[in-house]
Amino acid sequence: MSKFYVTTPIYYVNDKPHIGHAYTTILADVLTRYHKAIGDDTFFLTGLDEHGQKVFQAAQKRNVTPLQHCNEMAPRFIELWKKLGIEYSDFIRTTEDRHIKVVQEALQKTFDRGDIYADEYEGWYSVAEERFITETEKDSGQFRDVTRLKEKNWFFKMSKYQQKLINHINDNPGFIQPEHRRNEVLGFLKQPLGDLCISRPKSRMSWGIELPFDKDYVTYVWYDALINYVSAVGCFTDEEKFKKWWPVSVHLIGKDILTTHSVYWSTMLFSLELPLPETIFAHGWWLIGQTKMSKSLGNVVNPLDLVEQYGVDCVRYYLMKEMILGQDANFTPEGFIKCYNSDLANDFGNLLNRVSGLINRLFDGKIPPAEKKDPADDIVEQSAKKLPANVEKLITELKVQEAIAATMDLVRLVNGYIESQAPWKVAKTDLPRAGTILYTATEALRLAAFLLSAVMPSKCNLVLDILGAGDSGRRWGELKRGIKLKTHEALFPRLEVDKK
RNA sequence: CGCGGGGUGGAGCAGCUCGGUAGCUCGUCAGGCUCAUAACCUGAAGGUCGCACGUUCAAAUCGUGCCCCCGCAACCA
């Protein structure tokens with residue numbers, strides 16, 4: 001048994017949860033469930049990023065304290081995760097004591113090591129945005145009230161670890177995935193790395209974690225936020241727990257925060273003398289009909305609406321199946337309905353109806369024994385026997401989409417097998433043979449349901465329950481003969497396309 | 001010459017590491033089946049594998065050049 005520790009980014013509390021947040025979190029949940037199913041000890045961390053400028057401003061506007069504001073916003077995420085069937089191990093909020101202490105200790109350790117120094121920072125400052133902007137941003141002309149500002153700040157010696165990081169990336173091909181993101185980071189690291197400003201003067205912005213060595217400053221949100229990955233698993237506080245889980249197996253992130261994770265976070269860990277993550281995996285974006293989702297375009301897809309309209313499992317299935325490893329994916333209602341009907345209603349759900357209908361009619365609803373085998377059965381049996389190991393391999397490579405495809409291939413194979421073996425015909429002359437066919441088909445369906453239960457927990461567990469195989473595993477032949485099938489409705493009723 | 005990824009039947013992808021019958025899902029058409037959610041199965045049509053040159057007995061796959069698309073270039077799943 002090995003351990004599997006996965007994280008999502010901690011989401012910014014001011015954001016409205018959208019399909020992107022849902023995707024990352026479901027992906028983490030799916031990976032966790034797969035790993036649990038193969039007996040791994042798992043830890044799945046998600047949470048909220050609650051410090052920083054925007055939260056501070058939003059709270060001011062509403063005339064509440066920042067913490068009150070966060071307390072009111074947090075349930076939006078927590079409730080969504082509940083509706084999406086997310087079973088996280090821990091939900092961390094950066095305003096929690098357990099986190100703040102660790103951030104401060106990390107800062108102090110880094111400071112004591114001589115990796116943090118004070119300097120005057122001079123740059124373009126947007127009064128309207130209340131933050132420093134880059135030269136490029138200034139030139140874009142999109143910022144008002146830009147002035148030159150000089151300010152004392154604290155800096156982290158990121159540059160000191162540049163070569164060490166390059167070496168680490170080169171020595172660990174799986175560290176940053178997919179590969180083209182890894183190349184991107186290596187390309188970025190060809191330029192000399194600057195040091196990272198990790199402080200904000202309280203006079204400007206006080207909503208953050210105070211620097212242990214300078215009470216006039218709070219720390220930069222990213223420094224604060226990234227620490228969550230270790231503070232949640234006992235860093236500096238619970239040595240045993242920390243040893244058990246760290247380093248993390250996978251940090252799931254969106255491609256937009258690749259630099260913060262691969263460069264900021266890694267160098268921070270170097271300075272703290274902690275091991276680096278095993279894998280940082282950057283997935284793509286969900287596009288809404290060719291364009292990026294944006295609030296101004298008004299095309300933000302609310303995952304809650306989808307779930308309420310169609311149910312959790314099919315939304316999880318669609319998101320997992322549609323996003324190809326590391327690429328952008330396109331969300332369209334048509335695509336969703338097509339996927340639902342062809343994969344879930346026609347192939348998977350319908351297969352359950354076929355076998356249960358036949359078993360009910362021919363065997364009084366009791367699963368028949370497989371006593372009269374034929375070479376035709378071997379094709380199904382052999383494919384089914386190979387599947388679990390294959391799925392396991394794909395999941396460890398983070399190829400969820402391919403794992404689903406491989407499982408659905410078995411479902412289609414079984415549909416073809418039933419067709420060619422025609423048990424409804426065979427039954428008229430040779431009932432035991434018909435029973436064998438049905439046992440084989442049902443057992444393959446059981447295995448498929450078992451393997452898909454990470455993606456669609458409630459529907460798949462329902463299938464297993466109908467087959468009286470709720471506690472079965474991934475070995476061929478675990479389906480018990482003689483069990484009376486439970487009655488059931490259509491698993492995924494076909495969706496009629498809206499004709500407009 | 002900033003760095004990187006990609007261009008494969010109507011759509012979305014795999015194959016390229018290590019050259020040898022171009023594969024999958026969806027869509028279209030025809031047929032079959034009638035156990036099933038008008039579901040399922042089989043077959044067919046449809047591809048100069050971005051373009052050109054080169055290496056080779058043989059190139060989607062290797063090399064060079066060109067065209068086009070996309071990502072990164074320090075806020076944002």
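To find a chain, count down the sequence lines: A is the first, B the second, and so on, and within it residues start at 1.
- When each of A:Phe331, A:Tyr23, A:Tyr340 is tested with A:Tyr318 by the rule ring pair (Phe, Tyr, Trp, His ring centres under 6.0 Å), just one qualifies, namely A:Phe331.
- Across all strands, A:Asp343 comes closer than 4.0 Å to no nucleic acid atom at all (heavy-atom distances).
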> Reading RNA chain B 5' to 3', what string of ( ), [ ], | and . shows its pairs, if Watson-Crick and G-U wobble pairs count only when both distances fall under 3.5 Å?
Replying inline: .(((((((.[[[[.)....(..]]]].(((((.......))))).....[[[[[..)....]]]]])))))).....
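- Nucleotides B:G5 and B:G9 are separated by 22 Å at their P atoms, to the nearest Å.
- Nucleotides B:C49 and B:A39 are separated by 35 Å at their C1' atoms, to the nearest Å.
- Nearest nucleotide to the A:Arg494 side chain, out of B:G71, B:C35, B:U37: B:U37.
- With P as the reference atom, B:A14 and B:G50 are 14 Å apart, rounded to whole Å.
- The phosphate of B:C40 has OP1 or OP2 within less than 4.0 Å of a side-chain N or O from A:Asn346.
- A close approach under 4.0 Å does occur between a side-chain nitrogen or oxygen of A:Asn183 and OP1 or OP2 of B:G5.
- Under 4.0 angstrom from either OP1 or OP2 of B:C40 there lies no side-chain N or O belonging to A:Arg412.
- Remark: the separation of the C1' atoms in B:A60 and B:C16 is 7 Å, to the nearest Å.
- Listed pair A:Trp222 / B:C76 meets the phosphate criterion, a side-chain N or O lying under 4.0 Å from OP1 or OP2.
- Ring orientation note: the planes of A:Tyr229 and A:His251 are tilted relative to one another, at an angle of 30° to 60°.
- Proximity note for A:Thr260 (side chain, C-beta onward) versus B:U37, B:C35, B:C76: the nearest is B:C76.
- Atoms CG and OG1, from A:Asp115 and A:Thr110 in turn, are 6.5 Å apart once rounded to the nearest 0.5 Å.
- Here B:C35 presents its P atom at 15 Å from CZ of A:Phe363, a figure rounded to the nearest Å.
- The ring pair (Phe, Tyr, Trp, His ring centres under 6.0 Å) test with A:His21 singles out one residue from A:Tyr12, A:Trp286, A:Phe77, and that residue is A:Phe77.
- Of the possible polar contacts, one joining the A:Asn14 side chain to the A:Lys54 backbone as a donor-acceptor pair under 3.5 Å is found.
- Proximity of a side-chain donor or acceptor of A:Lys372 to a complementary backbone N or O of A:Thr436 within less than 3.5 Å is not detected.
- Proximity note for A:Arg361 (side chain, C-beta onward) versus B:C76, B:C35, B:A73: the nearest is B:C35.
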> How does protein contact run along nucleotides 13-18 of chain B, one letter per nucleotide 5' to 3', with B for base contact, S for sugar-phosphate only, - for none, heavy atoms under 4.0 Å?
Replying inline: SS----
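- Relative to the side chain of A:Phe188, the nucleotides B:A74, B:C72, B:A39 differ in distance, and B:A74 lies closest.
- Checked against a 6.0 Å centroid threshold, the rings of A:Phe336 and A:Tyr310 count as neighbours.
- Judged as a side chain to side chain donor-acceptor pair (under 3.5 Å), and not counting sequence neighbours, A:Tyr217 has no contacts.
- Distance check on atom C1': B:C1 versus B:G23 gives 38 Å, rounded to whole Å.
- Which of B:G71, B:C35, B:U25 sits closest to the side chain of A:Lys321 comes down to B:U25.
- Taking only side-chain atoms of A:Tyr264, from C-beta outward, the nucleotide of B:U34, B:A74, B:A39 with the closest atom is B:A74.
- Between A:Lys338 and A:Pro9, it is A:Lys338 whose nearest contact on RNA chain B lies nearer the 5' terminus.
- Computed from coordinates, the A:Tyr11 OH to B:C75 C1' distance equals 18 Å when rounded to whole Å.
- Comparing B:G19 with B:C26, their P atoms sit 33 Å apart, to the nearest whole Å.
- Residue A:Lys425 has no polar side-chain atom (N or O) positioned under 4.0 Å from OP1 or OP2 of B:C33.
- Looking at A:Glu419, its side chain comes within 3.5 Å of the base of B:G32 through a donor and an acceptor atom.
- Within 6.0 Å of CD in A:Glu179 there are 12 or fewer heavy atoms belonging to other residues, nucleotides or ligands.
- Heavy atoms of A:Gly335 sit nowhere under 4.0 angstrom from any nucleic acid atom.
- The structure places CE of A:Met268 at 5.5 Å from CH2 of A:Trp265, a figure rounded to the nearest 0.5 Å.
- Within 4.0 Å (heavy atoms only), A:Asn415 reaches sugar-phosphate atoms of the nucleic acid but no base atom.
- In this structure, the nucleotide among B:C76, B:G5, B:G71 sitting nearest to the side chain of A:Glu184 is B:G71.
- For the P atoms, the distance linking B:C66 with B:A30 amounts to 49 Å, nearest Å.
- Atom name P, nucleotides B:G4 and B:G10: the rounded distance is 32 Å, in whole Å.
- Nucleotides of RNA chain B nearest to A:Phe348 and A:Glu179 differ in position, and the one nearer the 5' end is that of A:Glu179.
- Rounded to the nearest 0.5 Å, atoms CG (A:Leu27) and CD1 (A:Ile86) are 10.0 Å apart.
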